[in-house]
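Written below as structure tokens is the structure these notes are about.
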Amino acid sequence: MGSVVNGYLVLEAGTRVGLRKPVGASIIIGRTPDCGFAIDDASASRHHVEIVAHGLIFRWRDLGSTNGTILNGAVMLEGELRHGDRITIGNTVMRFEIEAAAPVSSARLPSPVSESTLTFAADGGTVYPGPDLIGRSSDSLLQAAYSVLNSISSNYETCSLQDQILETTMKAVCGQHGGIFFAGDGEDSFVPCPVCHRVHTIREGYLKRVNVEDVRISRTAARRVLTGGESVLYRDKMTDSGLNMADSVMTLNLRSIMCVPLRAKSKILGILYVDADRENHTYTRDDLLLCAAVGNGAGLAIANASLHQQILDKQRIEQEIAHAWIIQQGFLIREWPSVGAGRFEVYGETRPARTVGGDFYDFVHVDADRVGILIGNVSGKGVPTSLSMAQLLAEFRLRARGVVSPIEVIESLKGDLVKRAQHGMFYTMCYLTLDLESGKVLFANTGHHAALHVRADGVELLGHASGEAVGVDTVWTLDAGDTILLYTNGIVTARHPESKNEFGIEGISRVAQDMHAHPPRELIEAVNEAVTRYCAPARPHDDCAMIALRRLG
């Protein structure tokens with residue numbers, strides 16, 4: 001007899017506590033009355049979460065809600081629901097429960113294998129059994145195969161799944177020794193479990209994980225299954241068997257062997273191997289038929305478990321990236337002050353090529369009379385780069401206070417930058433300080449693009465990069481109506497999809513000249529829009545950041 005399960009949602013916190021509703025094939029949780037599970041919570045979206053049953057598995061996903069969904073205390077977007085999981089939306093908490101339904105007769109279930117099939121050849125053909133197949137009834141074989149396959153169908157953890165395959169299969173065939181081996185790169189090579197890097201084995205009912213070199217099996221039988229895709233049955237002194245004289249069989253004194261492929265769609269993942277060295281412990285063709293059926297289902301189950309783990313890993317990485325973006329945004333200036341009693345305006349913005357990036361900018365009050373503006377780039381993309389950027393900004397803010405010379409600030413950071421560069425990262429940056437009274441600018445550049453000095457009569461590049469921040473600061477004066485624009489490499493190297501030409505300094509200068517009389521925010525928005533149009537329909541391939549400061553009239 002097989003079984004099915006039903007899912008239920010039980011309201012633990014919120015209005016109508018204790019309400020219990022079946023999930024059925026699917027259900028939607030949300031604020032509107034048309035939802036299968038309507039909740040009265042201001043934090044809930046109209047259609048917030050959907051739960052869908054897939055056989056014995058229940059999966060859920062957030063439907064793009066405004067305030068997000070919490071599963072067991074963690075903000076998540078989707079996943080598999082297990083008995084006892086708690087879904088939280090605002091102040092509403094729902095407990096998920098799974099209950100077994102009435103058993104379903106196995107007579108109504110399709111047989112996983114054909115009654116007359118003994119082995120499955122590599123070309124998809126079959127080898128038919130001899131007279132000794134008749135030992136168990138076809139019903140008992142079906143019941144045993146279905147019991148094994150049903151027990152492993154809902155396991156999505158690769159290691160525990162292999163243990164479960166071995167335990168249930170060995171119990172069904174009264175096996176003595178067994179193990180699961182994965183196919184290696186060579187035609188007849190075997191490797192251990194890709195997760196724990198050990199071979200999952202069972203001996204006299206006891207599970208054990210061992211090194212692949214410590215396992216003693218019939219390599220001849222295993223090689224035949226892996227290379228030919230056939231299921232192999234050996235019994236002591238079989239006159240028609242090519243295994244009788246195999247060195248591994250004689251050395252191990254094996255009395256009986258079963259070896260079947262673990263199939264996953266169009267390839268063989270590995271083998272399920274069972275042997276015995278006891279006198280009168282002989283496996284039958286019925287046992288091989290059962291193992292062959294299990295091999296097909298187990299191969300798919302292992303492949304699904306691997307895919308399931310990849311999905312979970314992807315979700316975890318996406319959540320980590322989202323959290324890294326929140327942390328990174330916290331380090332970047334968002335509220336721009338009116339500088340120098342309304343005499344200056346400043347604004348900056350970054351657009352990462354991925355969710356998080358390595359471009360950064362900052363604005364500091366050096367002292368009562370001066371402000372500082374920094375922009376730079378950490379090589380690479382993703383979470384490691386964003387964390388390095390955050391640490392650099394924290395150190396910069398400590399070292400920039402009270403130091404007028406930009407070169408002194410950058411030189412003080414160099415020691416830590418060199419240490420990080422040894423780990424494969426490099427940095428470029430430029431930093432200026434501005435005297436709010438006179439408009440005098442001191443500027444230092446180490447490996448970064450020159451600054452744009454935007455005036456009504458033209459645009460000038462100032463402070464070209466040097467390999468290292470040495471020497472003296474570049475000096476110039478910012479007059480009324482002038483703007484300083486600092487930018488990162490992603491703006492310059494944005495490529496046209498057809499010509500592959502870069503947007504370049506010339507592109508930035510053209511937009512800056514047209515926008516010379518506009519506030520810094522409008523200037524930066526205009527450059528970003530121009531870059532977006534230039535790259536369309538693609539997007540810039542690198543992070544894009546800018547910061548601008550304008551002296552008012």
Side-chain angles (χ1 to χ4, degrees), residues 332-353 357 359-363 371-377 429-434 436 439-441 443 445 448-465 474 476-496 499 501-536 538-553:
L332 298 176
I333 297 292
R334 305 299 296 172
E335 299 295 331
W336 296 101
S338 178
V339 186
R343 288 172 292 176
F344 294 89
E345 290 180 327
V346 62
Y347 182 76
E349 185 176 298
T350 181
R351 296 187 178 186
D359 287 6
F360 58 88
Y361 58 78
D362 207 357
F363 173 90
V371 296
I373 295 179
L374 173 75
I375 196 165
N377 172 60
M429 69 180 74
C430 58
Y431 175 53
L432 65 84
T433 59
L434 169 70
L436 297 173
K440 180 181 177 181
V441 176
F443 184 85
N445 186 348
H448 203 77
H449 290 285
L452 279 183
H453 186 184
V454 185
R455 305 186 305 273
D457 59 351
V459 176
E460 182 181 6
L461 290 172
L462 295 173
H464 288 279
T474 302
W476 78 88
T477 300
L478 198 65
D479 296 323
D482 290 0
T483 299
I484 297 173
L485 177 62
L486 307 179
Y487 49 92
T488 58
N489 195 54
I491 303 288
V492 179
T493 60
R495 286 192 292 266
H496 192 279
S499 67
N501 293 330
E502 295 182 347
F503 189 70
I505 301 294
E506 298 80 6
I508 304 173
S509 299
R510 284 194 301 270
V511 179
Q513 184 62 64
D514 292 340
M515 300 293 293
H516 74 275
H518 291 258
R521 180 167 187 164
E522 294 181 13
L523 167 60
I524 288 175
E525 289 174 349
V527 174
N528 277 325
E529 289 173 4
V531 170
T532 300
R533 289 194 303 270
Y534 189 80
C535 296
R539 298 178 59 189
H541 65 280
D542 202 358
D543 305 332
C544 298
M546 288 179 284
I547 185 170
L549 182 143
R550 182 170 186 263
R551 186 173 186 179
L552 303 177

Is there a side-chain contact between [X] and [Y] in this structure, where contact means two heavy atoms from C-beta onward sitting under 4.5 Å apart?
| X | Y | answer |
| --- | --- | --- |
| Asn377 | Met429 | no |
| Ile375 | His448 | yes |
| Leu452 | Ile484 | no |
| Ile508 | Met546 | no |
| Thr477 | Val441 | no |
| Ile373 | Tyr361 | no |

Taking atom [atom1] of [X] and atom [atom2] of [Y], what is their separation to the nearest 0.5 Å?
| X | Y | atom1 | atom2 | result |
| --- | --- | --- | --- | --- |
| Asn445 | Leu462 | CG | CG | 11.0 Å |
| His496 | Asn501 | NE2 | CG | 8.0 Å |
| Phe360 | Asp543 | CZ | CG | 11.5 Å |

Keeping [X] on the side-chain end and [Y] on the backbone end, is there a donor-acceptor pair under 3.5 Å?
| X | Y | answer |
| --- | --- | --- |
| Tyr487 | Ala548 | no |
| Asp362 | Leu374 | no |
| Glu502 | Arg495 | no |
| Asp479 | Asp482 | no |
| His516 | Gln513 | yes |
| Arg551 | Leu478 | yes |
| Thr488 | Ala545 | yes |

query = Quick one: do the Glu345 and Tyr347 side chains pair a donor with an acceptor below 3.5 Å?
reply = no

Asn489 side chain to His449 side chain, donor-acceptor N/O pair below 3.5 angstrom = yes

Could you report the tightest heavy-atom contact between [X] and [Y], atom names first, then the distance?
| X | Y | answer |
| --- | --- | --- |
| Leu523 | Met515 | CD1-CB, 3.8 Å |
| Leu486 | Cys430 | CD2-SG, 4.2 Å |
| Val371 | Phe363 | CG1-CZ, 3.8 Å |
| Leu552 | Ala480 | O-CB, 3.7 Å |
| Gly481 | Arg550 | O-NE, 3.8 Å |
| Cys544 | Ile491 | CB-CD1, 3.5 Å |

ask   = Parallel under 30°, tilted from 30 to 60°, perpendicular over 60°: which one fits the rings of Trp476 and Phe443?
value = tilted

request  = Output, in order, the C-alpha distance, side-chain angles, deciding distance and verdict of side chain to side chain contact (heavy atoms under 4.5 Å, CB included) for Thr532 and Arg351.
outcome  = CA-CA 11 Å; Thr532 300; Arg351 296 187 178 186; 4.0 Å; yes

query = Any chance CZ of Arg455 has more than 12 other-residue heavy atoms, nucleotides or ligands included, within less than 6.0 Å?
reply = yes

ask   = Quick one: do Arg510 and Glu506 make a salt bridge, cutoff under 4.0 Å?
value = no

request  = Carefully, step by step, assess Leu549 and Ile547 under the rule side chain to side chain contact (heavy atoms under 4.5 Å, CB included).
outcome  = CA-CA 7 Å; Leu549 182 143; Ile547 185 170; over 6 Å; no

